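Okay, structure first, notes after.
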Amino acid sequence: MTLLLIPNSILAKDIWIYSDDGAWSDGIIAFEQFLNYKGLSHKRIYAVDLNNSSDYSLANAICFPGGFAYNYKLKLEERTINNIRNYVEEGGSYIGICAGAYFATSSVVWEGIDYSYTLGLFKGRAVGSIHEIASWDNYCMTTIVLNQNNSIVTGFEQEYNVLYYGGPYFESNEMDFDVLATWKDYNEYPSIINFNYKKGKVLLIGPHLEIETNSDRDSSSFAEELEDIESDWEILGTIVSWVISSETSNSNNSSNNLGIYPNPASEYIEIRQPTEGSEVKIYNTLGECVLTVETRHAVSLQRIDISHLPVGLYFIRIGNYSEKFMVIR
């Protein structure tokens, strides 16, 4: 069983947003507004910050936003690339949006030309732009299809209109990865993927979910002439919650089976074998306790009402043991 420990220091950490040469200012601003909306702390970082330090311990995640991946490659030293990779290997989180997704791969095919990249978190290819959706540097609304077999997005509507602006599709014969969504208008090729990279987590996003084309809450006027029939921030919030959540194992206590059922859940969960007199706590991904339940005597099955909790990823803790579960509607 995988046990989840929520570090007390999580609230002191920021999501670092790379904001140097090549980073798209509208994407940065919109992503910052999204993080504010979700209550997640963040700060901008620059090449000099990363090149002059190998200590990323205060990063809740490192995000490389949309822009031009080749500029990222030019500004960052090779040892910095290695440091970012080591950060993820040791349990860090990486978020790549469009150019940031290209940057995380070992091979980029851009407009039919192959380029080698060295970060290589994704051992495969990111291929774009997708002319069947919009040739570079045009943009448009397109449709992604959420993978209902991926528990992270179970419970959302299957199809969403999203902004396309040069993003890739992903393919690999060298590693396993999970598909969160596909491009409906291009052969159902992967548009958003997630995977574990040794102890860390990686989230690569092809479309621009951070941009709200029909709302000014993202503080960006980009593509405001386009019609977006729904917000993408709840999807983005759920997948970002996955990548910044902390998962560790505790082999000394692996026999303690909480047995959460159902998972995902919408109205209630049942926990098997809570200990007598134990206190059950449920946390959101910010580390905030959102529900406390007392068990007054030993029971084989404890039912907990979660119908009031918003959709998303949660952690349930009894004593030193925790497991994750998803709330869906």
Side-chain angles (χ1 to χ4, degrees), residues 13-38 40-51 56 59-76 80-81 84-85 87-88 92-105 108 110 117 119 121-122 126 128-129 136-137 139 144 162-170 180-181 191-194 200-213 215 217-223 231-233 235-244:
K13 295 185 176 184
D14 296 311
I15 293 179
W16 291 2
I17 306 171
Y18 186 76
S19 305
D20 216 315
D21 184 40
W24 183 39
S25 59
D26 282 283
I28 293 171
I29 292 168
F31 191 62
E32 288 174 329
Q33 292 299 97
F34 156 76
L35 293 175
N36 291 337
Y37 169 74
K38 299 302 292 184
L40 294 169
S41 61
H42 54 86
K43 75 171 185 177
R44 298 187 183 189
I45 57 164
Y46 301 87
V48 65
D49 302 316
L50 295 175
N51 286 336
Y56 305 158
N60 199 2
I62 296 178
C63 174
F64 279 79
F68 295 96
Y70 190 71
N71 296 57
Y72 303 166
K73 181 178 177 180
L74 293 178
K75 291 286 287 189
L76 297 175
T80 302
I81 301 297
I84 295 172
R85 189 185 309 108
Y87 159 77
V88 180
S93 300
Y94 181 96
I95 302 168
I97 302 173
C98 199
Y102 284 109
F103 182 62
T105 67
V108 168
W110 177 253
Y117 277 69
L119 182 54
L121 300 176
F122 181 67
S129 64
W136 182 253
D137 60 353
Y139 57 84
I144 59 170
V162 298
L163 177 66
Y164 179 80
Y165 190 25
Y169 68 84
F170 306 95
L180 281 160
S191 59
I192 308 174
I193 63 174
N194 68 289
K201 292 181 174 183
V202 178
L203 173 65
L204 303 183
I205 305 170
H208 284 282
L209 305 182
E210 77 280 16
I211 298 290
E212 297 274 74
T213 59
S215 170
R217 68 173 178 170
D218 62 358
S219 296
S220 168
S221 60
F222 184 82
S231 170
D232 305 322
W233 278 12
I235 303 169
L236 184 58
T238 294
I239 62 180
V240 167
S241 293
W242 173 82
V243 78
I244 66 174

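Note that the structure is a prediction, hence the values are computed from the model and not measured. If you read the sequence from its start, that first residue is 1, and numbering goes on from there. Side-chain atoms are counted along with the backbone in the values below, which use heavy atoms only and exclude waters and symmetry mates.
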Roughly how far, to the nearest 0.5 Å, is SG of Cys63 from CD1 of Ile28?
9.0 Å
For the side chain to side chain contact (heavy atoms under 4.5 Å, CB included) test, which of Asp20, Ile81, Thr80 pairs with Leu50?
Thr80
About how many Å separate CD1 of Ile97 and OH of Tyr18, when rounded to the nearest 0.5 Å?
15.5 Å
Aromatic ring proximity Trp24/Phe222, centre distance under 6.0 Å
yes
What heavy-atom pair brings Ala30 and Glu210 nearest, and what distance separates the two atoms?
CB-O, 3.4 Å
Do Val162 and Ile235 have side chains that approach each other closer than 4.5 Å (heavy atoms only, starting at C-beta)?
no
When you compare the side chain of Leu121 with that of Leu204, does any pair of heavy atoms fall below 4.5 Å?
no
If you take the centroid of each ring, where Trp contributes its six-membered ring, are Tyr37 and Phe34 closer together than 6.0 Å?
no
Is there a side-chain contact between Asp21 and Leu74 in this structure, where contact means two heavy atoms from C-beta onward sitting under 4.5 Å apart?
no
Output the distance between atom CG (Asn51) and atom NZ (Lys75), rounded to the nearest 0.5 Å.
8.5 Å
Would you call Tyr139 and Thr213 a side-chain contact if the rule is heavy atoms closer than 4.5 Å?
no
With a 4.5 Å limit on heavy-atom distance, are the side chains of Ile192 and Pro207 in contact?
yes
Are Tyr87 and Tyr94 close enough that their ring centres sit under 6.0 Å apart?
no
Distance, nearest 0.5 Å, that separates CG of Leu35 from CD1 of Ile17
5.0 Å
Would you mind reporting whether Ile205 and Leu180 have side-chain heavy atoms less than 4.5 Å apart?
no
Which of parallel (below 30°), tilted (30 to 60°) and perpendicular (above 60°) describes Trp110 and Tyr102?
perpendicular
Partner of Gln33 by side-chain hydrogen bond (donor to acceptor under 3.5 Å, both in side chains), out of Ser219, Ser215, Ser220:
Ser219
Tell me whether the rings of Tyr72 and Phe64 are parallel (<30°), tilted (30 to 60°) or perpendicular (>60°).
tilted
Is NZ or CZ of Lys38 both nearer than 6.0 Å to the six-membered ring centre of Trp233 and within 45° of the ring axis?
no
Indicate the atoms forming the closest heavy-atom contact of Cys98 with Gly66, along with that distance.
CB-CA, 4.2 Å
One pair to check against side chain to side chain contact (heavy atoms under 4.5 Å, CB included): Tyr70 and Phe103. What are the steps and the verdict?
CA-CA 8 Å; Tyr70 190 71; Phe103 182 62; over 6 Å; no
I need the Ile45 CD1 to Ile62 CD1 distance, nearest 0.5 Å.
5.5 Å
Is Leu119 close to Lys73 at the side-chain level, that is, under 4.5 Å between some pair of heavy atoms?
no
Taking Lys13's backbone N and O only, do any of them form a donor-acceptor pair with Ser41's side chain (distance below 3.5 Å, no angle check)?
yes
If you compare all heavy atoms of Ala69 against all heavy atoms of Ala99, which two are closest, and at what distance to 0.1 Å?
CB-O, 3.5 Å
Spacing of OG belonging to Ser221 relative to CG belonging to Asp26, to within rounding of 0.5 Å
6.5 Å
I need the minimum non-hydrogen distance between Ile15 and Ile244, along with the two atoms involved.
CD1-CG2, 4.3 Å
Between His42 and Asn36, is a side-chain hydrogen bond (donor to acceptor under 3.5 Å, both in side chains) present by the stated rule, with each step listed?
CA-CA 8 Å; His42 54 86; Asn36 291 337; 2.8 Å; yes
Do Ser191 and Tyr164 come close enough that some side-chain heavy atom pair is under 4.5 Å?
no
